[in-house]
Amino acid sequence: MCQNCLVKTIHHAQHHFGWDNSLTPVAHVASGSQLEFHCLDAANGWFSADSSAADITTLPFDKLNPVSGPIYVEGAQPGDALKVTLESFRPSGFGWTANIPGFGLLADQFPDPALTLWNYDRDSMAPSAFGRYGRVPLKPFAGTIGVAPAAAGHHSVVPPRRVGGNLDIRDLSTGCTLWLPVEVEGALFSVGDTHAAQGDGEVCGTAIESAMDVVVKLEVVKNMPLKTPRFATPGPVTSHLDKHGYNAFTGIGPDLMTAARDAVSYTIDALCREQGMSAEEAYMLCSVCGDLRISEIVDQPNWVVSFYFPNSVFN
């Protein structure tokens with residue numbers, strides 16, 4: 001995209017922590033404007049090429065998951081929708097994945113910190129090496145993207161909300177269109193928590209967390225009442241993973257969360273047994289490239305959750 005076409009660049013320093021409709025906007029823009037956001041990673045630059053798992057224990061938890069913004073979009077009013085077109089992602093080439101004690105789908109099974117560092121070609125975006133085991137296909141996207149809620153005060157950035165936020169939807173990548181329900185004047189849009197790759201579910205709690213530049217177009221859609229975010233993709237969403245098929249593991253029972261945990265646990269067991277990796281490595285690898293899916297939810301009393309692990313990682 002032509003840099004001269006960009007209305008505004010939002011720099012690294014122009015970020016905040018959490019949602020608050022009283023924050024002063026860093027920019028006022030017209031509907032239809034294009035902006036480039038220089039997004040920090042979820043750890044706010046805490047990890048480097050020299051980091052180890054010991055650095056997880058000193059993470060400044062009050063400064064995690066910074067989002068760039070907020071942006072006041074002229075004409076946006078409660079009851080409207082903000083249409084966000086994701087134009088491009090320019091990753092940094094460095095990323096990290098961590099098991100953070102107390103966080104993640106299997107937090108009770110993985111109490112110790114673990115860290116994987118990633119280096120990838122930001123131009124070719126070729127699959128990134130996961131140690132000596134395989135290579136993970138990349139698909140950049142923004143994990144946290146949303147607008148300010150109507151409720152006053154500071155709201156944590158960790159849980160997703162009806163106005164967006166920490167959605168962690170892997171398919172919100174280049175070319176995707178997202179509609180967000182507007183609750184306050186100007187919408188107050190922010191974006192961050194950028195990922196170079198993630199599986200559906202982000203099961204260990206982190207993806208390939210990676211700083212990157214994001215270009216979006218913001219448009220106001222009048223009188224489009226949404227209950228929750230809606231998005232549209234420009235084409236297939238798993239073509240970066242599909243080439244060699246999948247091995248899938250199921251969890252079956254009357255509780256979807258338990259079934260999801262079982263499906264991931266069985267996948268981890270198989271990766272340890274068949275690939276010789278540690279359980280912590282397998283858990284983090286599942287988080288960056290494996291997909292949780294509800295396969296069946298009508299044949300009570302038991303439901304089926306499947307975890308799809310792509311064979312392309314080892315081919």
Side-chain angles (χ1 to χ4, degrees), residues 89 91 93 95-99 104-106 110 114-122 124-143 167-176 194-210 212 231 233-252 259-296 304-315:
F89 292 86
W96 59 272
T97 304
N99 181 55
L105 180 65
L106 304 179
F110 292 90
L115 180 68
T116 292
L117 301 177
W118 304 83
N119 290 283
Y120 57 90
D121 189 318
R122 59 181 294 184
S124 71
M125 292 300 291
S128 183
F130 181 75
R132 60 183 174 83
Y133 301 106
R135 305 184 74 83
V136 172
L138 305 180
K139 184 180 181 181
F141 75 101
L167 299 172
D168 286 322
I169 297 174
R170 187 263 313 281
D171 301 326
L172 292 178
S173 56
T174 300
C176 184
T194 42
H195 300 163
Q198 181 203 289
D200 275 341
E202 197 188 23
V203 295
C204 88
T206 58
I208 299 183
E209 311 289 338
S210 184
M212 62 185 71
F231 66 96
T233 70
V237 296
T238 55
S239 55
H240 65 304
L241 297 172
D242 288 341
K243 184 176 181 181
H244 297 284
Y246 297 83
N247 268 289
F249 300 80
T250 61
I252 300 173
R261 285 167 50 87
D262 287 347
V264 175
S265 292
Y266 302 154
T267 308
I268 291 170
D269 289 344
L271 289 172
C272 292
R273 183 174 61 252
E274 297 169 10
Q275 301 296 330
M277 61 181 67
S278 70
E280 289 79 10
E281 289 173 319
Y283 188 31
M284 290 186 286
L285 184 58
C286 285
S287 194
V288 302
C289 64
D291 292 340
L292 270 173
R293 303 181 187 177
I294 298 175
S295 296
E296 181 273 306
V304 180
V305 177
S306 301
F307 191 78
Y308 283 66
F309 189 89
N311 296 328
S312 57
V313 170
F314 303 124
N315 283 279

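Values below: all heavy atoms of this structure, side chains included; hydrogens, waters and symmetry mates excluded.
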Notebook entry, point to check: Just by modelled atom types, is the Ala114 backbone N or O under 3.5 Å from a matching donor or acceptor in the Asn99 side chain?
Noted result: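 Checking the backbone N and O of Ala114 against the side chain of Asn99, no donor-acceptor pair under 3.5 Å is found.
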Within residues 198-207 or reaching into it, pairs that qualify as salt bridge (Lys or Arg N to Asp or Glu O under 4.0 Å) - sequence neighbours excluded:
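Applying salt bridge (Lys or Arg N to Asp or Glu O under 4.0 Å) to every pair that reaches into residues 198-207, excluding sequence neighbours, yields Arg170-Asp200.
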Gap separating the [atom1] atom of [X] from the [atom2] atom of [Y], nearest 0.5 angstrom:
X: Arg122; Y: Phe89; atom1: CZ; atom2: CZ; answer: 14.5 Å
X: Tyr246; Y: Tyr308; atom1: OH; atom2: OH; answer: 9.0 Å
X: Lys139; Y: Gln198; atom1: NZ; atom2: CD; answer: 10.5 Å

Per the side chain to side chain donor-acceptor pair (under 3.5 Å) rule, what does the pair list look like for residues 126-137, sequence neighbours excluded?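 Only Tyr133-Glu281 qualify under side chain to side chain donor-acceptor pair (under 3.5 Å).
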Output all residues satisfying salt bridge (Lys or Arg N to Asp or Glu O under 4.0 Å) with Asp269, sequence neighbours left out; order by chain, then residue number.
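Partners of Asp269 by the salt bridge (Lys or Arg N to Asp or Glu O under 4.0 Å) criterion come out as none, since no residue qualifies.
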- [ ] Just do the side-chain hydrogen bond (donor to acceptor under 3.5 Å, both in side chains) check on Tyr120 and Ser210 with the steps written out, would you?
- [x] CA-CA 10 Å; Tyr120 57 90; Ser210 184; 2.5 Å; yes
If you take all heavy atoms of Ser306 and Thr250, which pair is closest and at what distance?
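In terms of heavy atoms, the two residues are closest at OG-CG2, 3.7 Å.
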Partners meeting ring-ring contact (aromatic ring centres under 6.0 Å, His included) with Phe110 (sequence neighbours left out):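 Tyr283.
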task: Return the set of residues passing side-chain contact (heavy atoms from CB on, under 4.5 Å) with Ala197 (not counting sequence neighbours), or none when no residue passes.
output: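 For Ala197, the residues satisfying side-chain contact (heavy atoms from CB on, under 4.5 Å) (neighbours in sequence not counted) are Val136, Leu138, Ile208.
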Could you pull out all residues at least two apart from Thr194 that satisfy side chain to side chain donor-acceptor pair (under 3.5 Å)?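 Side chain to side chain donor-acceptor pair (under 3.5 Å) list for Thr194, sorted by chain: empty.
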